[in-house]
Each structure stands twice: as C-alpha cells, then as structure tokens.
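Notes to accompany the following structure.
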Amino acid sequence: MERVVLVTGASGGVGLALCQRLLDEDGRIHLCIACRNEQKSEAARDLILATHPSAQVSTVEVDLGNLASVLRAARELRCRKVLHMLTTAEGIMTQTDRLNGDGLQEVFATNLFGHFMLVRQLQALLCGNEKPSRLIWTSSSNARESAFSLADYQHAKGQESYSSSKYATDLTSVVLNRKFNGQGLYSSVVCPGLVMSNMTYRILPVFLWKLLMPIMWLIRFFAKTYTLTPYNGAEAHVWLFKQKPEYLDSLVKYHSCTSGLGRCYVEPRKMDVDEDTAEKFYQKLLELEEQTLEKYRDLLD
C-alpha cells in the first residue's frame, strides 16, 4: 500500500519545504497538499513537480479557520480514501485574534480546532490500518502552560492566543496517543524553531529584516533553534517521518535545530503538560465538536 501524506499550509514556508524534503526521502509517496486558496495550491504543486517531475501530487482546498471548509475537505478526502499521515503547518509567532465566521476565536480555530475536526472526520481512515498512521503537529517553543486556561481555552480574554493554541496542541497530541495508539494511530509534536518565512517577514518592515539578518545568522552560533530557513525548520518533521511511531515518546516534543555551521539535527525535549488537564481539555473539544456538527449536518455523510 502506498504511503499517503497530507501537508497543511503547503503553499510556502515550512509546509512547502517539508513537501520537497519528503519527496527527497521517498519519491514513491502520494503527496496531498492542502491550502486555503486553489491558485496557491496549484502554484505549490507546480513548484514541487518542477524539482520532482515524477511525483504523485494532488491538492485539496481547505481553510482550517473555517469549519465548513474543513468538513468539505474531510468529505473529499474520505471519498478519495487517502491519508496515512497528517502534519500541520507553521503558525505565526504573533497573531491578532478575533472571532471568525463560526463564532470561534480565529487563532484557536486555525491552529488547533480546524485540524482537530479534520482528524476526527478522517478517524476511520487513520485507525485500524495495516501499518500505523501518524499525526505530526507543528507546535512551538512558545507553547506555555501559563498562557492556557481550561476556563478560557479559546483564549478570548488573553493576549497570548498563539502560545495558548500551541499548548492546547501539545495537550491534544498527548490525549490522542492515549486513546488511539491501540488502534494504530500515533501523534507527535514538533517545533520548527525560528524560521524566516513569508509570514515572519510580515511582522517587521523588509528593510529592518535586511539589517537584522546578519545578526540573526551570527546568533545561530549560540542559539540552535534559529533554524532560519524553511528547509531547516522541516528537519524534525522529516526525521519523524522516517521513524517507527510506536517507538516514540508521546510526551516529547521534537525540535528542529541548526548548528552555527548549518548542520541540521533534531533534539527531543520533554513536554511540560499535565495529563489530567489534557483529558479535561479533550472532553471540551468533543463538546465543541458536537455543537459544531449540529450546525453543519448538511456537510456530513
């Protein structure tokens, strides 16, 4: 059976670099790239095929911040009967939060809940296969327990929505392993480090980045998580792709690192997650899922 890989956020940055690196590792995989814009999906596909002309590359349109889009994409994927691995795309270091069209906090929906809904909708495809299936979530070193609250898990009242959503991602991964490892589904989280992608460049004016870049390359001699390029940032994703998921530690986050001289490697670090909090949060996600599905019954099979 062919290995099928779905990469979200594949139009640029770590997502696109990950696609190219996965095909470098195994040109026989079927790569499914997911983007919120059809034109960007096709452009990314063209870029990938330019360097890997014999690759099997399909596209799916999905906006993970829009639950109707998530459900439509999940239905399309179920019809195609594809998916053995799921990996998330990199978020933005700082994000302005607001309510989306579903009445959810946008950062929470985009960074976690949209992915959670997609996984749940594809659960039948992910579980019970001949070979293990795996989820690879892109978390962050900014995932902090202090930014997260069960009472406000969408982070409507705070100023650290990104950190909260990434800590929520870590919690979700821990619970998914506890519940589904026995059915052949394994979940891992990675941190790509500090990557200079098109999203990062929006934080400051271009001329400031030009001034800062020599300093940042110098800092990398002292800060191994300054991966800087999307290619380096995808190191942990690629490393996990080559591992047997049943032998990995579910309480470890795998960090992409780069030495001062540019050598890429992966560093595992124990996550600071409370498993009781993780279970309670998972129940809240299930409750929110039930409320959401009630609104979108017409999109379900």
Test item: [X] and [Y] side chains (from C-beta on) under 4.5 Å apart, heavy atoms:
| X | Y | answer |
| --- | --- | --- |
| L47 | T51 | no |
| N111 | K166 | yes |
| S165 | H155 | no |
| L31 | V4 | no |

[Y] versus [X], side-chain donor and acceptor atoms under 3.5 Å:
| X | Y | answer |
| --- | --- | --- |
| S41 | T59 | no |
| Y296 | D102 | yes |
| S149 | D152 | no |
| D97 | Q105 | yes |
| S139 | K253 | yes |
| H115 | T172 | no |

Ignoring hydrogens and angles, tell me if any N or O in the side chain of [X] forms a donor-acceptor pair with the backbone of [Y] under 3.5 Å.
| X | Y | result |
| --- | --- | --- |
| N66 | G101 | no |
| Q243 | W239 | yes |
| S250 | N177 | no |
| S173 | D170 | no |
| N129 | P132 | no |
| R45 | V57 | yes |
| S256 | A236 | yes |

Can R21 be said to sit on top of F241's aromatic six-ring, NZ or CZ under 6.0 Å from centre and within 45° of the ring axis? no
More than 12 heavy atoms from other groups under 6.0 Å of CZ on R120: yes
Would you say that more than 12 heavy atoms from the other residues, nucleotides or ligands in this model lie under 6.0 Å from the CD of E246, or not?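 Yes, because the 6.0 Å sphere around CD of E246 holds more than 12 heavy atoms from other groups.
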Strictly below 4.0 Å, N to O, side chains only: are [X] and [Y] in salt-bridge contact?
| X | Y | value |
| --- | --- | --- |
| E76 | R78 | no |
| E279 | K179 | yes |
| K280 | D276 | yes |
| R178 | E275 | yes |
| K242 | D26 | no |

Taking all heavy atoms of [X] and all of [Y], pick out the closest pair and write down the distance.
| X | Y | answer |
| --- | --- | --- |
| A74 | L122 | O-CD2, 3.7 Å |
| T258 | C264 | OG1-SG, 4.2 Å |
| L240 | S188 | CD1-CB, 3.8 Å |

Y186 and F180: ring pair (Phe, Tyr, Trp, His ring centres under 6.0 Å), yes or no, with the steps? CA-CA 7 Å; Y186 295 84; F180 296 110; over 10 Å; no
Report the C-alpha distance between Y153 and L171 in whole Å, list the side-chain angles of each, state the deciding distance to 0.1 Å, and finish with yes or no for side-chain contact (heavy atoms from CB on, under 4.5 Å). CA-CA 11 Å; Y153 61 86; L171 294 174; over 6 Å; no
